[in-house]
Amino acid sequence: MIAETEPAIDPAQVERDRIAIAGFLLRLRQNGITDRRLVAAFEAVPRRLFVPHESRNAAYVERALPIDCGQTISAPELVALMTAALDVHEDHQVLEIGTGSGYQAAILSHLARRVCTIERFRTLAEAAELRFRTLKITNVTVLTGDGTLGWPANATFDRIMVTAASEGVPKALLDQLKVGGVLVAPLGPPEGVQVLTRLTKTERGNKIEKLADVRFVPLIPGKAAHL
Ligand code: SAH
């Protein structure tokens, strides 16, 4: 509930944030991520609003951080790698599975025409919606539901990003991806190491590229009964 509990602005904190963001943007450049739109998106979204209060000074540290409901927000480098791999254009409609904190969706909102994001925990979906409202992000729509089913009412999508691990890509997501579209997902054992995979859907089948070893929380079918 960031709007109500956000403390008064502390100039020292603002300065620490500025240094942390500058360091992060430098690391991105060293990793070969220089695309102007992408860098602008990372500059525009204050990651500290998406991590728990006690982790705010670690917002740009290169590791995943715990959020509510036993879930995690991915390391900023990984968000950048996945966003770059998705190759989002400004006329695109993007589907994200696993809203979590909403940080990835907020980054995508600066690159795409519209972002639809699905989260199985209502608590997380509502907190993310509040952050989007606070940041005046108006082109993200959040659904509390089972992302393995996709979002048929809004299909089809130019791009799909899955931010939770599964052995394979759920069929509904492949069906809701446009021909020529790109899907990025961590594929492999949900409790182990997965391979971040980019799938491009073509008339003649799917092209598969393996990008990096990653660890994500599992993609769990069904809406969460609690929280
Ligand atoms: N993209 C997020 C991090 C995602 S963590 C961010 O930027 O913070 C993965 C999220 O996927 C968790 O919040 C988890 O609850 C959610 N998830 C897992 N299975 C799901 C499903 N079937 N449908 C929707 N969300 C799911």
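Every value quoted in this text rests on a predicted model; they were computed, and no experiment measured them. Indexing begins at 1, ligand by ligand and atom by atom, following the structure's order.
Nearest approach of R131 to S101, heavy atoms of both residues: NH1-O, 3.0 Å.
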Cut-off 3.5 Å, no hydrogens considered: what does the side-chain donor-acceptor table look like for residues 139-146, sequence neighbours left out?
residue: N139; atom: ND2; partner: S109; partner atom: O; Å: 3.0
residue: N139; atom: ND2; partner: A112; partner atom: O; Å: 3.3
residue: N139; atom: ND2; partner: R113; partner atom: O; Å: 3.2
residue: D146; atom: OD1; partner: T148; partner atom: N; Å: 2.9
residue: D146; atom: OD1; partner: T148; partner atom: OG1; Å: 2.8
residue: D146; atom: OD1; partner: G222; partner atom: N; Å: 3.4
residue: D146; atom: OD2; partner: T148; partner atom: OG1; Å: 3.0
residue: D146; atom: OD2; partner: G222; partner atom: N; Å: 2.8

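Listed by chain and number, Q71, T72, I73, E96, G98, T99, G100, S101, G102, Y103, Q104, I118, E119, R120, F121, L124, G145, D146, G147, T148, T163, A164, V217, P218, L219, I220 each place a non-hydrogen atom less than 4.0 angstrom from ligand 1.
The salt bridge (charged side-chain N to carboxylate O under 4.0 Å, His left out) contacts involving residues 180-198 comprise R198-E209, where partners must be two or more places apart or lie in separate chains.
The salt bridge (Lys or Arg N to Asp or Glu O under 4.0 Å) test applied to K223 returns no partner, not counting sequence neighbours.
Counting only distance, with no hydrogens or angles, the side chain of R159 and the backbone of L86 share a donor-acceptor pair below 3.5 Å.
Here the options are T163, T99, T117, T83, the test is side-chain hydrogen bond (donor to acceptor under 3.5 Å, both in side chains), and the partner is Q104; only T83 passes.
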